Protein chains: 2
Amino acid sequence: MRPKSLEKEAAIRSIALQIISEEGLENLSMQKLAKAANISPRTIYIKYENKEDLLVKLFIEEVLGAYEKAVLENFDPKMGFTEGMKKLWLNTFSYLKNNKPAFSLIQYGKSSPLLNKAFQEKNIRQGEFFAPIHTFLKIHVKTGLIPDLPHDVHRALLFSPIQDLVAEYFDHLDRPVQIITEEVILTCCEIVIKGITNQKNNEQH
Amino acid sequence: MRPKSLEKEAAIRSIALQIISEEGLENLSMQKLAKAANISPRTIYIKYENKEDLLVKLFIEEVLGAYEKAVLENFDPKMGFTEGMKKLWLNTFSYLKNNKPAFSLIQYGKSSPLLNKAFQEKNIRQGEFFAPIHTFLKIHVKTGLIPDLPHDVHRALLFSPIQDLVAEYFDHLDRPVQIITEEVILTCCEIVIKGITNQKNNEQH
DNA sequence: AAAGTAAGTAAACGTTTGTTTACTTTTAAA
DNA sequence: TTTAAAAGTAAACAAACGTTTACTTACTTT
């Protein structure tokens, strides 16, 4: 029997991401994708059940999987809070700034009902994405360094600014002067850390 | 001559938002919209040049216009920093939590190249959205209360968490216990304020 | 009351959509 | 070397797409 061509599957995924990033999810069609990948539309249906299946697998497996791996590289839940946060922020920035297609689909994941639902179901059925961050935060809640808030609230406070900064990095890409640099990222990270940490020695009653 | 029916225009806009919110931007079609609004497709083209024109006007005029107005209600750039921030955060929360369709399209504005481009062009040509917030931050930079960072960086640090919290509010809507309440919003706002403000009396060298 | 004109409709335009049918090619195992 | 079977292709399917044509309705103005 003839084996599946892995190159063709990889081409489908990367070209789909490219179209979504450049023209938007609403302008991705199976026929456009097939033509751009130089294959027959039928070939896509050998690897994916239908368009929704393709989009969901692209989002969950290709994009979020690689994103999680990149963010957690050289990160350990037992790290000190400041060290860990800076590692996570810098990993996020250096991965996403070189992967605009991935960032685009992650953004769509917050808008599209289809992708949003897929994300929540995956989180429930197969365990949370970014589980080591979960552990990391729990440890620092236990020591009393950061307040005991729901994990989703922690995420909003600690990581939504870095994602917004990446969006701004891309918005400024064609301008002469870059304002979102690694130095700015670290400054912002320190500001976020300062906000969340309980500096017990400073309590004034 | 026969006047335009304002009700029909309003119906087009509100039903379009509803479809985008429930089924996604990628599933909004002119024919579906016309049928849902009980009008002929041609009627939409009396009021809008084409589909892109409809989407852009929906985003810029209907959604961002109303959003800006709601967020700035009873806000004054001359307010104290903590007071102003809390006002902006609570206004944002109370407006968006009752306007899921608006929130959905705002999220799409960060993903879709069409809407993103429209937003940037409008900001350049007709002056920034949320100009009073600009002024507000400049005042508190001048007094030295907050660091002098680019406005986009301020925005990421000060307002991206509240937008993320609204997204989480909607994600948790069908669960028995609500975790995103006005109280949580205020707690988070205080954490963000604590991070950004230069507490000169606490400097330890 | 009549005229004039924009608003609005029903139906259809040519394209493109997601997907499938009928067929050919490729390749590992017999 | 033959063969079974999945991979892959070209072409086409009905349905839905964005948009327009030809026509009717409704309302302001004269």
Side-chain angles (χ1 to χ4, degrees), chain A residues 1-62 105 108 112-115 117-118, chain B residues 1-62 105 108 112-115 117-118:
Chain A
M1 107 175 78
R2 184 179 175 180
K4 282 193 193 185
S5 161
L6 291 176
E7 303 140 35
K8 279 181 185 168
E9 172 131 29
I12 290 171
R13 295 193 175 208
S14 86
I15 291 171
L17 280 175
Q18 200 181 315
I19 293 174
I20 291 169
S21 172
E22 286 169 10
E23 305 177 41
L25 183 59
E26 62 275 25
N27 289 308
L28 173 73
S29 80
M30 300 300 259
Q31 311 203 127
K32 189 188 275 182
L33 171 56
K35 192 168 243 175
N38 253 311
I39 53 168
S40 162
R42 183 71 181 81
T43 305
I44 305 174
Y45 286 87
I46 293 172
K47 296 155 201 298
Y48 305 95
E49 226 177 278
N50 50 40
K51 193 183 180 183
E52 294 204 345
D53 183 47
L54 166 65
L55 289 176
V56 168
K57 286 189 173 144
L58 205 60
F59 179 52
I60 300 288
E61 295 171 12
E62 183 88 2
L105 193 57
Y108 269 112
S112 157
L114 172 71
L115 298 184
K117 196 181 146 214
Chain B
M1 105 176 81
R2 184 178 175 181
K4 282 193 194 185
S5 161
L6 291 176
E7 303 140 35
K8 279 181 182 167
E9 171 130 29
I12 290 171
R13 294 193 177 211
S14 85
I15 290 171
L17 281 175
Q18 201 181 315
I19 293 174
I20 291 169
S21 172
E22 287 169 10
E23 304 177 39
L25 183 57
E26 62 275 26
N27 290 308
L28 174 73
S29 80
M30 299 301 259
Q31 309 200 127
K32 189 187 276 182
L33 171 57
K35 193 169 243 175
N38 253 311
I39 54 168
S40 162
R42 181 74 181 81
T43 304
I44 305 175
Y45 286 87
I46 293 171
K47 296 154 202 299
Y48 304 96
E49 227 177 277
N50 49 39
K51 191 184 180 183
E52 294 204 344
D53 183 46
L54 166 64
L55 289 176
V56 168
K57 285 187 175 146
L58 205 60
F59 179 52
I60 300 289
E61 295 172 11
E62 183 89 359
L105 194 57
Y108 269 112
S112 157
L114 172 71
L115 299 184
K117 195 180 147 214

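Below, chain A is the first sequence line, B the second, and so on; all start at residue 1. Please read these numbers as outputs of a predicted model, since none were measured by experiment.
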Using a 4.0 Å heavy-atom cut-off, does A:Leu33 contact any base of the nucleic acid, only the sugar-phosphate backbone, or nothing at all? nothing

If you look at every strand shown and take non-hydrogen atoms under 4.0 Å, does B:Ile44 touch a base, only sugar-phosphate, or nothing? nothing

Shorter than 3.5 Å, N or O on both sides, protein versus nucleotides 19-22 of chain D: list them out with atom names.
residue, atom, partner, partner atom, Å
D:dT19, OP2, B:Tyr45, OH, 2.6
D:dT19, OP2, B:Lys51, N, 2.9
D:dT19, O5', B:Tyr45, OH, 3.2

Just to verify, what does B:Ser21 make a side-chain hydrogen bond (donor to acceptor under 3.5 Å, both in side chains) with, not counting sequence neighbours? B:Ser104

With B:Lys47, which residues qualify under side-chain hydrogen bond (donor to acceptor under 3.5 Å, both in side chains), at least two apart? none

Whole angstrom is fine here: how far is it from [atom1] in [X] over to [atom2] in [N]?
X       : N      : atom1 : atom2 : value
B:Leu6  : C:dG8  : CG    : C1'   : 15 Å
B:Lys32 : D:dC17 : NZ    : P     : 6 Å
A:Ile46 : D:dA6  : CD1   : C1'   : 8 Å
B:Glu26 : C:dT16 : CD    : P     : 21 Å

Pairing partner (Watson-Crick or G-U wobble, both distances under 3.5 angstrom) of C:dA11: D:dT20

Residues from residues 10-21 of chain B lying under 4.0 Å of DNA chain C - heavy atoms: none

Is the phosphate of [N] approached by [X] (side-chain N or O, under 4.0 Å from OP1 or OP2)?
X       : N      : value
B:Ser29 : D:dC17 : yes
B:Lys8  : D:dA26 : no
B:Lys47 : C:dA7  : no

Can you give each donor-acceptor pair under 3.5 Å made by side-chain atoms of residues 30-39 of chain B, sequence neighbours left out, with the distance rounded to 0.1 Å?
residue, atom, partner, partner atom, Å
B:Lys32, NZ, B:Glu23, OE1, 2.8
B:Lys32, NZ, B:Asn27, O, 3.0

I need the single residue from A:Asn50, A:Leu105, A:Ile60, A:Ile20 that forms a side chain to side chain contact (heavy atoms under 4.5 Å, CB included) with A:Leu55. Which is it? A:Ile20

Can you name the salt bridge (charged side-chain N to carboxylate O under 4.0 Å, His left out) partners of A:Glu62, sequence neighbours left out? A:Arg13

